[in-house]
Amino acid sequence: MKKMKALVKAKPEKGLWMDEVPVPEPGINDVMVKIKKTAICGTDLHIYMWDEWAQRTINTPMVIGHEYMGTIYKMGSGVKNLNIGDRVTGEGHIACGHCRNCRRGKKHVCQNTIGIGVNRDGAFAEYLIVPAENIIPLDDRIPDEIAALMDPFGNATHTALSFPLLGEDVLITGAGLIGSMAVGISRFAGARYIVVSDLSDARLEMAKKMGATLTINPTKGEKIEDAVKKLGMYGFDIGLEMSGSPHAFEDMIDNMYNGSKISLLGILPNTTTVHWDKIIFKALTLKGIYGREMFETWYKMEQMLITGLDISPVITHRLKVDDFMQGFEAMEEGNSGKVILDW
Ligand code: NAD
Ligand code: ZN
């Protein structure tokens, strides 16, 4: 049996191992992608660390990873409209195609979703098998390393574009990878002021490069309400919660304008308490965000990238895949931007 190199969660404990695994074969409607570049996601870090979520979710051994780009190496006989050699990336959630949501065009909330690199073998390997429907052909104007970021860029796009932004004042809590990309998207989509909070100055620097008007670091006594006063506002029109922190969420609710809207991407702990009276009396709209809309979010991403949105400032590490541990360590330390692994 032919073997390939892959990053495997081989054992149920902290760590990740570079292993030799059998080369997978595409089914009739599958595409086999030869991987060129991948990126490390927060989810991969959870799997590496083997936290409570990972222990509950991952069956070992599992090839992990879901942020990737490459070229089509082989295809099943049922695949249409794609060609060997095409540069591609892909949607990491595989929808079932037959549940109520799939059949009404809402595949991103499919009731039977399977995650690449979480529930089945992923992209941190020389080859990846993906259903043809999930494949996204890449425009020549999108560079390889940006193409490897399309999955989290899609989370940022789905969240940021959930409500119209033109002329609006936006508060983003959490200037991580996704929050910082959301700054660029909000700017691109015509927001007026974009205020961003994070506990890390390195992360806030990234948000500034992406176009933030003002940044707030609560660990230095800086307050979102001071930014509201400084900019002469009554409160924010749009909130993008991208930290998963209950404190940040509470702060956000306090600083929203009456009748404004919040998109929730960050995964808040189930024990989070909020002042529901404020949400009700301010008549706020809250929307939970999961993944990317299939496939409208992908269309918007492509158009933004080819008409001038530059998300490259979020990349801080470019490594050979054999140096993957350096990447995971940088992510664990918490101040890095995106880590790209070259295969
Ligand atoms: P990240 O860890 O890179 O960014 C989170 C940032 O929040 C960090 O920079 C951290 O310093 C900051 N933060 C923590 N506490 C804060 C506080 N009190 N105030 C302000 N900032 C604070 O994560 P990411 O990859 O950018 O993802 C953002 C969030 O979205 C995470 O919670 C992640 O789990 C979640 N996520 C959700 C989906 C989904 O489909 N809903 C998909 C991907 C990621
Ligand atoms: Zn479905």
Side-chain angles (χ1 to χ4, degrees), residues 39-47 49 51 53-54 66-67 91-115 117-118 131 133 149-160 162 171-183 195-207 210 212 215-220 222-224 227 239-252 255 263-269 272 287-294 297 311 314 316 330-339:
I40 304 177
C41 172
T43 303
D44 304 320
L45 187 65
H46 289 296
I47 299 173
M49 302 290 284
D51 65 8
W53 170 85
H66 57 273
E67 301 182 4
E91 166 57 52
H93 291 165
I94 300 174
C96 75
H98 59 255
C99 73
R100 180 176 176 210
N101 276 332
C102 281
R103 291 182 62 120
R104 64 175 166 175
K106 294 180 171 220
K107 293 195 168 200
H108 65 292
V109 280
C110 165
Q111 70 192 58
N112 304 309
T113 306
I114 288 177
V118 175
E133 193 195 72
L149 299 187
M150 296 288 264
D151 177 295
F153 177 47
N155 296 134
T157 301
H158 184 185
T159 314
S162 272
L171 172 63
I172 302 178
T173 45
L177 278 305
I178 300 181
S180 293
M181 287 194 271
V183 176
V195 174
V196 187
S197 71
D198 203 291
L199 311 179
S200 146
D201 279 340
R203 292 276 164 101
L204 290 171
E205 270 313 306
M206 198 157 76
M210 294 302 298
T215 59
I216 302 289
N217 187 337
T219 66
K220 295 187 163 169
E222 296 166 7
K223 293 200 174 75
I224 295 171
L240 309 178
E241 205 309 293
M242 300 187 145
S243 72
S245 154
H247 292 296
F249 184 38
E250 190 72 53
D251 251 8
M252 177 175 271
N255 287 287
S263 297
L264 298 167
L265 181 85
I267 301 167
L268 290 160
T272 303
K287 181 184 178 193
I289 306 286
Y290 181 59
R292 300 143 293 278
E293 282 185 2
M294 293 175 219
T297 302
I311 55 170
V314 305
T316 52
M331 297 266 299
E332 189 178 349
E333 176 228 349
N335 286 319
S336 72
K338 205 70 191 172
V339 179

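In this text, all values refer to a predicted model and were calculated from it rather than measured experimentally. First listed ligand is number 1; within each ligand, the first listed atom is number 1.
- Here the protein contributes C96 SG, C99 SG, C102 SG, C110 SG as N, O or S atoms under 2.8 Å from the Zn ion (ligand 2).
- In terms of heavy atoms, M210 sits closest to I311 at CE-CA, 3.9 Å.
- Two residues are said to be in side-chain contact when any heavy atoms from C-beta on lie closer than 4.5 Å; R292 and D151 meet this criterion.
- Using a cut-off of 4.0 Å between Lys/Arg side-chain N and Asp/Glu carboxylate O, K223 and D251 are scored as not salt-bridged.
- The heavy-atom pair separating V196 from A207 by the smallest distance is CG1-CB, 4.0 Å.
- Under the 4.0 Å criterion applied to side-chain N and carboxylate O atoms, K338 and E67 are assigned as salt-bridge partners.
- Protein residues with a heavy atom under 4.0 Å from ligand 1 are N155, G174, G176, L177, I178, S197, D198, L199, R203, M242, S243, S245, A248, L265, G266, I267, I289, Y290, G291.
- Among residues two or more places apart in sequence or in another chain, the side chain to side chain donor-acceptor pair (under 3.5 Å) test is passed with N112 by none.
- Closest approach of A156 to A182, counting heavy atoms only: CB-N, 3.9 Å.
- Heavy-atom neighbours of R104 CZ from other residues, nucleotides or ligands within 6.0 Å: above the threshold of 12.
- Taking E332 as the reference, K14 meet the side chain to side chain donor-acceptor pair (under 3.5 Å) condition, with sequence neighbours excluded.
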